[in-house]
J.: 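The structure's right below; bear with me while I get my questions together.
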There are 2 protein chains.
Amino acid sequence: MSDLKQDTERNILQAASRVFIKKGMGGTRMQEIADEAKINKSLLHYYYRSKQLLFEAVFKNTMLEFIAIISKIFNSDEELKIKIPLIVETYTDYLGKNPYIISFILRELQSEPKIILKIVEMIEIKFFKFFNQVAQEVSEKKIKEIKPEHLFINILSLTIFPIIAKPLIRAALMKGDNEKYMQFIEERKKVVADFIFSAIY
Amino acid sequence: MSDLKQDTERNILQAASRVFIKKGMGGTRMQEIADEAKINKSLLHYYYRSKQLLFEAVFKNTMLEFIAIISKIFNSDEELKIKIPLIVETYTDYLGKNPYIISFILRELQSEPKIILKIVEMIEIKFFKFFNQVAQEVSEKKIKEIKPEHLFINILSLTIFPIIAKPLIRAALMKGDNEKYMQFIEERKKVVADFIFSAIY
DNA sequence: TATAAATTTGACCAAATAGTTAAACTAAAA
DNA sequence: TTTTAGTTTAACTATTTGGTCAAATTTATA
């Protein structure tokens with residue numbers, strides 16, 4: 001495979017990612033991807049046979065990146081007291097900088113049962129370490145009794161939801177002011193970390 | 001306006017709601033709505049001029065219902081110690097029974113800035129009572145220091161996120177088992193209430 | 001350089017889909 | 001009963017859109 005071919009292929013995938021992540025599978029037109037990549041529409045079909053296959057390549061990529069980032073944060077070696085504020089801060093920053101990614105994943109998973117199954121294995125094994133750590137610290141009475149899965153989902157809920165509900169929150173609580181919303185998210189780094197801390201210690 | 005006409009109009013709106021809420025604006029075909037309502041496609045255009053207008057009617061309806069339910073729960077008269085577990089339980093039940101509604105709202109808000117503006121006023125005034133109550137109980141040292149907006153969003157996060165992330169959670173944590181997922185959500189009624197309780201008392 | 005292979009393009013096709021229109025039908029009013 | 005207004009339908013249109021294909025162009029190989 002020549003360098004040029006690799007370039008074109010990557011160029012297409014990146015352009016497709018930008019468009020798909022913003023507009024979703026249903027809202028994206030092949031022509032729009034071609035424009036974004038500054039190439040002919042036929043080239044999309046030359047490298048990726050169909051819209052569906054191109055979408056799956058994008059989705060898989062996005063999902064892998066997301067899982068990599070999330071599991072890296074959750075599976076570091078610090079004890080929870082150190083780790084949880086770190087998770088909240090790092091994760092809030094990441095989501096704030098890539099606000100479309102999580103909405104994209106959740107939106108597409110809502111209607112794509114086939115892709116899910118393929119991705120299950122990638123995910124389920126990744127959080128054993130964190131789960132074990134929580135179970136361990138519970139049994140040592142370092143933190144209050146809580147099932148690791150629930151603590152895990154609580155952390156994700158508190159960090160992810162405010163990002164995907166941005167339009168709603170900004171409209172309902174900030175009268176449409178984007179600055180106020182961003183400040184609110186910034187505040188949450190400390191608020192959420194304190195909230196979880198109070199809840200489990 | 002005759003009874004028949006009202007019936008047809010309502011029938012269309014309800015059919016459209018069912019389809020739009022599941023598949024979204026982009027994913028819905030007018031023919032599908034016509035089939036769901038068991039009428040001719042032209043009738044849709046007779047009563048609602050265009051897909052866009054029909055969609056807006058559905059969205060507005062859905063939003064109003066959602067806001068009504070959520071504000072009713074948040075603005076009741078009990079003190080927080082009683083109210084919060086009630087919010088969590090009632091709200092988890094409602095979301096569990098209507099899992100598509102919140103995904104629908106968030107999904108469509110992601111790409112519809114015009115509709116948002118129209119709906120802002122409806123929302124922003126609705127939660128003063130709850131906000132004041134939280135501020136009050138904080139100042140009386142009944143609960144720990146926290147901004148009302150953050151407590152509000154924390155409660156919503158912890159209840160809503162696990163619903164919209166259902167496919168992800170089920171796949172990653174329950175190996176695809178729907179029963180386990182539903183049991184998990186049921187468990188959360190107590191877990192989340194306890195979690196918040198520990199965090200603010 | 002000449003030939004073959006890979007890459008890129010523009011023109012085109014078929015299916016899907018929102019929307020239109022005129023005719024048919026229904027029910028109430030005159 | 002006849003007329004009129006409101007309702008419903010079938011057939012049609014225009015446009016969008018995913019996808020194809022043969023020709024043109026570029027790159028690699030003999």
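To find a chain, count down the sequence lines: A is the first, B the second, and so on, and within it residues start at 1. Everything numeric in this text was worked out from a predicted model, so none of it was measured.
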J.: side-chain hydrogen bond (donor to acceptor under 3.5 Å, both in side chains): which pairs involve residues 62-72 of chain B, sequence neighbours left out?
T.: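 Listed once each, the pairs are B:Glu65-B:Tyr94.
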J.: To the nearest Å, give me how far apart CG (A:Leu44) and C1' (C:dT9) are.
T.: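 The distance from CG of A:Leu44 to C1' of C:dT9 comes to 12 Å, rounded to the nearest Å.
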J.: For B:Asp7 and D:dT8, give me the distance from atom CG to atom C1', rounded to whole Å.
T.: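 After rounding, the gap between these two atoms is 15 Å.
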J.: Send over the distance from A:Asn11 CG to C:dT8 C1', rounded to a whole Å.
T.: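 Whole-Å distance recorded here is 13 Å.
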J.: Looking at A:Tyr46, does any N or O in its side chain come under 4.0 Å of the phosphate oxygens OP1/OP2 on C:dT8?
T.: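 The answer is no; no side-chain N or O of A:Tyr46 sits under 4.0 Å from OP1 or OP2.
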J.: Can you check each nucleotide of nucleotides 16-23 of chain C against protein heavy atoms at under 4.0 Å and return B for base, S for sugar-phosphate only, - for none, in 5' to 3' order?
T.: -SBBBB--
J.: Taking salt bridge (Lys or Arg N to Asp or Glu O under 4.0 Å) as the cut-off, I'd like each qualifying pair that reaches into residues 91-108 of chain B, sequence neighbours left out, listed once.
T.: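 Every salt bridge (Lys or Arg N to Asp or Glu O under 4.0 Å) pair that includes a residue of residues 91-108 of chain B, provided the two are not neighbours, is B:Asp93-B:Lys189.
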J.: Tell me the interatomic distance from A:Leu43, atom CG, to D:dA22, atom C1', rounded to whole angstroms.
T.: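 After rounding, the gap between these two atoms is 15 Å.
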J.: Can you name the residues that form a side chain to side chain donor-acceptor pair (under 3.5 Å) with B:Lys22, not counting sequence neighbours?
T.: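 Partners of B:Lys22 by the side chain to side chain donor-acceptor pair (under 3.5 Å) criterion come out as none, since no residue qualifies.
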J.: Between P on D:dG19 and CZ on A:Phe55, what's the gap in Å once rounded to a whole number?
T.: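 After rounding, the gap between these two atoms is 13 Å.
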J.: Using the test side chain to side chain donor-acceptor pair (under 3.5 Å), find all partners of B:Glu56 that sit at least two apart in sequence or belong to another chain.
T.: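 Checked B:Glu56 against side chain to side chain donor-acceptor pair (under 3.5 Å); matches are B:Gln52.
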J.: How many whole angstroms separate atom CE of A:Met25 from atom P of D:dT17?
T.: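 Those two atoms, CE and P, are 14 Å apart.
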J.: Identify, with sequence neighbours excluded, every residue that meets salt bridge (charged side-chain N to carboxylate O under 4.0 Å, His left out) alongside A:Glu32.
T.: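 Scan of A:Glu32 (salt bridge (charged side-chain N to carboxylate O under 4.0 Å, His left out), adjacent residues dropped) gives A:Lys23.
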J.: Nearest 0.5 Å please: distance from the OG1 atom of B:Thr92 over to the CZ atom of B:Arg188.
T.: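 The CZ atom of B:Arg188 is 8.0 Å from OG1 of B:Thr92, to the nearest 0.5 Å.
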